[in-house]
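Because only heavy atoms are used, hydrogens play no part in the values below, and waters and symmetry mates are left out as well, while side chains stay in. Residue numbers start from 1 in every chain, and the chains themselves are labelled A, B, ... in the order their sequence lines are given, proteins ahead of strands.
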There are 2 protein chains.
Amino acid sequence: MPYLRRNAPRPEPIDCRILTAALELFVSRGYHNVSVHDVQRRAGVSIGSIYNHFGGKEGIAKALYGHLLNELSELVKEVMESHKSLGERSRTLIRLLFEFTETRRDIIAFVFHAKHREFLPDEPPICSAEPFRRMRDMVEEGMARGEIGQGNAWVATATLFGGAIRLIQLRLDGVLEEPLPELAEEAWESVWNGLGAGEEVVPLAGRSAARG
Amino acid sequence: MPYLRRNAPRPEPIDCRILTAALELFVSRGYHNVSVHDVQRRAGVSIGSIYNHFGGKEGIAKALYGHLLNELSELVKEVMESHKSLGERSRTLIRLLFEFTETRRDIIAFVFHAKHREFLPDEPPICSAEPFRRMRDMVEEGMARGEIGQGNAWVATATLFGGAIRLIQLRLDGVLEEPLPELAEEAWESVWNGLGAGEEVVPLAGRSAARG
DNA sequence: GTCTATACGCTGATAGAC
DNA sequence: GTCTATCAGCGTATAGAC
């Protein structure tokens, strides 16, 4: 049950109103530049309600964080169920993340762009949160099956998804003007097949083929 | 002239003391969780001095930001001068950044890990700052020379350096336990030569060779 | 230029009526 | 459960002595 219902009938539950307002504000101004009063005003509820439901500002952030990581984790899980090879899985996941960046910008921004340690010091680092662990598992599985060469799993995961995550950041920062989905295929192919033509380092010929 | 002198003789200039203290505090606690009093105390100077030299907390951040981006920009410049191919340039830069992450952790953390937009809203996004522009130029040059396939320069830059930047973040978050320099070569090779064995997508055999 | 002491707005949080 | 009114503390910034 997604906490965010678009175009819901008037009487939207108060929790959702608060979370929605907080997400928008946190993403646009940054957690520390948003006061409880701001959230209260934008959500159209009173301060009392906020403290009743979430116990304070940090409580809102915690709830938001949990919800969104869950949603993302579900996404990764679905990708792993519907595709079996690491190649297809990573290609699909990158495409989906890129689409999300355009259609549900705030969610992606909060998860990939916020410094959670600064306001949720007790939470473990985001890289060790479930969705990111799943990505690493995905890579390890592919490595065990020989789809990619043996090596450090962290390095392989960072290589496979680091470029995509970087592009998401560039897009969120307004540096990239094209919508990400247009770049998904190229981004995945580049990292999967390698950037270098390879003449110097690996003496194999004819590798600069299928590139667009 | 680096603003940070290690083991300098006692009477270290007051500006440096302030900047050094601020950098350490900003990185360890986050900008918004540090007060001017904290900086003042740690630097061993008075509040008055801070306002005299930098005009306030934001002034410190601005100065720091400028200094550190400059240093990083110099680094990239030197790499471009001492190497001519994109392959060698990117390999060297990744190795140097990984070494910096171990030896001058705070600098890398401030540049790669901080959300500057949250406290320096007037600065352009960091991805469009000089050192990052230089990296992109580096890639475009390599593309023009045919070292890598034609394509979107942003995608290629993100692919080439995104994995390394991701590894730096993992290391700064304490998720990675090995010192980065040990992983530098593998990280670069993975992205340069490609992760996928390539059977399905690019029908070429025998590519899983030189990987460690 | 450096320092101490002080002012004051804002923020997170609570009390208590409805 | 929801609201309004209010509090106490902190954090930035300034005034003014040395």
Side-chain angles (χ1 to χ4, degrees), chain A residues 3 8-65 110 114-123, chain B residues 3 5 8-65 114-123:
Chain A
Y3 79 96
R10 285 294 144 66
E12 200 177 6
I14 209 168
D15 311 55
C16 299
R17 288 226 304 269
I18 295 172
L19 287 177
T20 306
L23 176 61
E24 290 169 1
L25 289 171
F26 288 169
V27 165
S28 64
R29 291 192 220 159
Y31 177 82
H32 291 284
N33 297 321
V34 174
S35 76
V36 182
H37 291 279
D38 293 331
V39 178
Q40 166 247 321
R41 224 169 300 146
R42 174 170 261 249
V45 301
S46 72
I47 287 214
S49 293
I50 292 201
Y51 281 88
N52 263 329
H53 280 269
F54 299 101
K57 188 178 168 187
E58 192 176 318
I60 303 179
K62 269 209 176 90
L64 216 42
Y65 191 68
F110 190 78
K115 285 210 61 186
H116 310 98
R117 302 306 282 280
E118 269 191 26
F119 53 91
L120 297 177
D122 296 334
E123 298 283 336
Chain B
Y3 80 96
R5 317 191 202 164
R10 287 292 145 63
E12 200 179 5
I14 210 168
D15 311 54
C16 299
R17 288 225 304 268
I18 295 172
L19 287 179
T20 306
L23 177 60
E24 290 169 359
L25 290 171
F26 288 169
V27 165
S28 64
R29 291 193 221 158
Y31 177 84
H32 291 283
N33 298 320
V34 173
S35 75
V36 182
H37 290 282
D38 294 330
V39 178
Q40 164 247 322
R41 226 170 297 146
R42 175 172 261 251
V45 302
S46 71
I47 286 216
S49 294
I50 292 201
Y51 281 89
N52 263 328
H53 282 267
F54 299 102
K57 189 178 166 186
E58 190 174 323
I60 303 179
K62 269 210 177 89
L64 217 40
Y65 191 70
K115 284 211 60 183
H116 310 97
R117 302 306 282 282
E118 269 192 27
F119 51 92
L120 296 178
D122 297 335
E123 298 284 336

With sequence neighbours left out, write down each residue that passes side-chain contact (heavy atoms from CB on, under 4.5 Å) with Asn52(A), or none if nothing qualifies. none
Atom pair distance, as rounded to whole Å: [atom1] in [X] and [atom2] in [N]:
X        : N       : atom1 : atom2 : result
Ile14(A) : dT2(D)  : CD1   : C1'   : 7 Å
His53(B) : dA13(D) : NE2   : C1'   : 17 Å
Gln40(B) : dG1(C)  : CD    : C1'   : 16 Å
Phe54(B) : dT12(D) : CZ    : P     : 16 Å
Asn52(B) : dA13(D) : CG    : P     : 14 Å
Ile60(B) : dT12(D) : CD1   : C1'   : 12 Å

If you measure from CD1 on Ile14(B) to CD1 on Ile18(B), what distance do you get to the nearest 0.5 Å? 5.0 Å
Its contact letters, B for base, S for sugar-phosphate only and - for none at protein heavy atoms under 4.0 Å, make nucleotides 9-14 of chain C read --SBBB
Does any part of the side chain of Leu23(A), heavy atoms only, come nearer than 4.5 Å to the side chain of Val27(A), both counted from C-beta? yes
So, do Asp38(A) and Arg41(A) sit near enough that their side-chain heavy atoms are less than 4.5 Å apart? yes
Counting N and O atoms only, with roles assigned by atom type, does the side chain of Asn33(B) sit under 3.5 Å from a partner on the main chain of Arg29(B), one being a donor and the other an acceptor? yes
Could you work out, with ring pair (Phe, Tyr, Trp, His ring centres under 6.0 Å) as the rule, every residue matching Tyr31(B), not counting sequence neighbours? Phe26(B), Phe119(B)
Who pairs with Arg117(B) by salt bridge (Lys or Arg N to Asp or Glu O under 4.0 Å), at least two apart in sequence or on another chain? none
Restricting to pairs with a member in residues 43-59 of chain B, which pass salt bridge (Lys or Arg N to Asp or Glu O under 4.0 Å), not counting sequence neighbours? Glu58(B)-Lys62(B)
Just report the end-to-end axis angle for the helix from dG1(C)-dC18(D) to dC18(C)-dG1(D), five pairs per end, to 10 degrees. 0°
